[in-house]
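Computed from a prediction, not measured in an experiment: that's the story for all the values here.
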Amino acid sequence: MIPPDVRKIATAPDVARARRAAARLTAALDAPGVERARFLTALTERLRRCLDGDDAELTLTVEAPGPDGTARVRATVRPLPPGGRSPLWRLAVSCPGPVPRSLADPAEPDDPAPTAAVLDADEETAAVLRRLDEVEELLRLHREELRRTNRGVVAPHAELDAAALRRRDLLDAERATRGEAEKARRLLTFLTDASAAVTASLDHEDILRCLADQLVPHYASQVDVWLFDENQAVRGGTRSAAAVTAARTGRPQHAGRHPGGLPGTDDLPPSALSPDRPVLCVPLAVRRTLGVLTLTAPGDRFDADTGVMLVELARRIAVALENALRYEQHRDTAETLQRAQLTDLPTADGLRLAARYLPATRGLNIGGDWYDAFFQPDGSLLTVIGDVTGHGLHAAVVMGQLRTALRAYAVDGAGPAEILTRLHRMLRHQQPDLYATALIARFRPGDPRVAWASAGHPPAVVRAAGGAVRVLDSKPGVMLGVPIRFTHRDNTAGLEPGSTLVLYTDGLVERRSQGIDAGIELLGRTLAALDESALGDLDRCAGSLVEPLVHVSERDDDVCLLLCHSTAPQAVPPPVHGRGGARTAGAPDPELGPGERPAPR
């Protein structure tokens, strides 16, 4: 510590000397210029008061450097005597320069300048410092304003950053939602298209083939269907453990190395059917379990949403298979019933018969068409072709009733028109909502003519021995069962030996894209184009007529065809006896129907 330099200030020269001593001391210790000027200016201002008559004592003390390595010069001005009018005053300035071991107040020559001039020398410095203080205050205010402005700017930037983050999160969420929506739309579209595809057919084999086309390769790498019949017998497919479990429990089963986590699906160990890829076994159940659909994953796992879609598709497949199997059963029953009622064609002298029956291959259009041929008690041969409106078992049953009733009416020797009139009345009363068409042709032994009547049926076609074709196109009667009273009438047409009468149902000649007239014309051309020798095998001739008119694999309706080929009789038929014995020439024949004429003998 340097001893204090204490002086008693009483006169002006002492004040000036004290001011110069402070200046030399701060300069020796390298006090910063601005801080040194402020220190000396403030000290000068204080010492100036000494010139106003207040005695004071100035003490200059140099403090040793502190922890930061800087020394301090401290000035203390005490009033004399103590307790005077002026208060105690202190001021210090920091000096970064090193402090010498000994520091003395160097001698100075006497300065002739008056004390006031010495003190006034700091006036300009004081003015500069005051201006500097004002500038620094202004800078401080600007800094504070800038800080506040920056704070106001930073806050919106932070808000903008937070808003940008929220926007990015919202965009990510929107992309994810849009992806999920697109995925759901894609799955729903596939479900709709696949459902339409599997329900478009009533053939269960077509449905099973369609499944593989729809599911492989996007939703399954392999498709396997295990079906049961009503007796739970296996119909194709592979019996894996997962499939057996699905059939037994009625719940979908997932078999793989890792749990699938599919909604509503049980997890099982890996399947021997596909040890590397998971399999999904879904029971095909409606009212009963029809079988099990087994799908092998296209990758290493089944997606949860895809699994839900596949389970729903399996439910719709089950409905389609149930409809197809029931339809096939219904169709087979109707066809069996109808075929059982088709007549074994009789053999007649002077007449050869051949027939074809083809059931419909599309829809439930089976069961309404039939043909029949039988002898009446008088030896006449009735040939019948008919078509019941409606299809399926009901049409087949009504067809059987009509066939039975027709044979019953024919026992009394009624002609074609009378038989149709009776059938019309019967159908009106027993089946008021069902109609039928029919054409009956009657061949009498030795008569070169044919008697016929039609109830709204397509007209018969005749091919003469030379190949000429004509249509028996008289005005047909009303359909059987139409709710009006009607009496049918007989018609006759010549049928010389070698001629062929063709009876058929509309399934042979009618197409949706064409009228029935075009089909009849095609039938006539096909019949005329037959070689005469082909009529020797009438059964093959029937096949030759059907092939160009009917597509073998696809038929919208049943097809019936009956060929009646006349030949020369081999023997003269015996005389016809009535109920009372031999009939007198010219007497009414009780076997003839109304409007019929006896055949010439």
Side-chain angles (χ1 to χ4, degrees), residues 180 182-201 203-229 232-286 288-322 324-325:
E180 292 295 329
E182 178 63 23
K183 177 182 176 183
R185 185 196 64 78
R186 185 173 63 254
L187 291 177
L188 183 60
T189 301
F190 171 77
L191 178 62
T192 302
D193 294 342
S195 300
V198 298
T199 56
S201 175
D203 186 338
H204 77 279
E205 295 291 346
D206 289 342
I207 293 174
L208 297 182
R209 284 191 294 269
C210 178
L211 280 181
D213 296 337
Q214 293 290 325
L215 293 171
V216 178
H218 297 295
Y219 297 99
S221 61
Q222 184 176 353
V223 176
D224 187 78
V225 180
W226 178 27
L227 290 180
F228 317 134
D229 60 16
Q232 297 298 310
V234 178
R235 297 170 61 183
T238 304
R239 296 183 60 180
S240 64
V244 172
T245 304
R248 178 174 52 82
T249 62
R251 286 179 55 84
Q253 304 293 319
H254 175 272
R257 295 181 178 179
H258 304 287
L262 303 180
T265 303
D266 300 332
D267 286 309
L268 296 175
S271 172
L273 180 66
S274 177
D276 298 329
R277 293 187 178 183
V279 297
L280 179 62
C281 298
V282 186
L284 302 173
V286 186
R288 62 183 180 89
T289 300
L290 303 176
V292 177
L293 171 65
T294 300
L295 304 171
T296 305
D300 57 353
R301 60 185 295 272
F302 282 103
D303 177 72
D305 294 336
T306 302
V308 172
M309 182 275 295
L310 292 175
V311 172
E312 173 61 21
L313 179 60
R315 186 187 67 80
R316 300 186 183 190
I317 292 170
V319 174
L321 285 174
E322 171 74 4
L325 293 175

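Using a 4.5 Å heavy-atom cutoff, the side chains of F228 and L290 are not in contact. Using a 4.5 Å heavy-atom threshold, the side chains of P298 and H218 count as separate.
No donor-acceptor pair closer than 3.5 Å links the side chain of Q222 to the backbone N or O of A220. Not one N or O on the side chain of T289 forms a donor-acceptor pair closer than 3.5 Å with the backbone of G291. Counting only distance, with no hydrogens or angles, the side chain of D267 and the backbone of G260 share a donor-acceptor pair below 3.5 Å. T265 places no side-chain N or O within donor-acceptor distance of the main-chain N or O of P252, the cut-off being under 3.5 Å.
Closest heavy-atom contact between A246 and C281: CB-O, 3.8 Å. Closest approach of L313 and S195 over heavy atoms only: CD1-OG, 4.2 Å. Between A304 and L262 the shortest heavy-atom distance is CA-CD2, 3.7 Å. A255 and P269 make their closest contact through CB-O, 3.2 Å (heavy atoms, listed as atom of the first residue, atom of the second, distance). The heavy-atom pair separating S221 from A297 by the smallest distance is OG-O, 3.2 Å.
Rounding to the nearest 0.5 angstrom, the gap separating the OG1 atom in T294 from the CD atom in Q253 is 10.5 Å. For the atom pair NE2 (H204) and CG (L208), the distance works out to 6.0 Å, reported to the nearest 0.5 Å. With rounding to the nearest 0.5 Å, the separation of OG1 in T306 from CG in L295 is 11.5 Å. A distance of 10.0 Å separates CE of M309 from CD of E312, quoted to the nearest 0.5 Å.
When the options L321, V225, L310, L227 are evaluated for a side chain to side chain contact (heavy atoms under 4.5 Å, CB included) with L293, the one that passes is V225.
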Do any side-chain atoms of residues 184-191 form donor-acceptor pairs under 3.5 angstrom with protein atoms, and if so which ones, sequence neighbours left out?
from: R185; atom 1: NE; to: E182; atom 2: OE1; distance (Å): 3.3
from: R185; atom 1: NH2; to: E182; atom 2: OE2; distance (Å): 2.5
from: T189; atom 1: OG1; to: R185; atom 2: O; distance (Å): 2.8

Which is it for V292 and L284 under the side-chain contact (heavy atoms from CB on, under 4.5 Å) test, yes or no, and what are the steps along the way? CA-CA 5 Å; V292 177; L284 302 173; 5.9 Å; no

Starting from the C-alpha separation in whole Å, work towards a yes-or-no answer on side-chain contact (heavy atoms from CB on, under 4.5 Å) for R315 and V282. CA-CA 9 Å; R315 186 187 67 80; V282 186; over 6 Å; no

As a quick check of understanding, evaluate side-chain contact (heavy atoms from CB on, under 4.5 Å) for H254 and L268, giving each step before the final call. CA-CA 6 Å; H254 175 272; L268 296 175; over 6 Å; no

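In this structure, R248 has no side-chain hydrogen bond (donor to acceptor under 3.5 Å, both in side chains) partners at least two apart in sequence or on a different chain.
Note on R257 versus D300: no salt bridge recorded, every NZ/NE/NH1/NH2 to OD/OE distance being 4.0 Å or above.
If you check the side chains of R277 and T296, you find no donor sitting under 3.5 Å from an acceptor.
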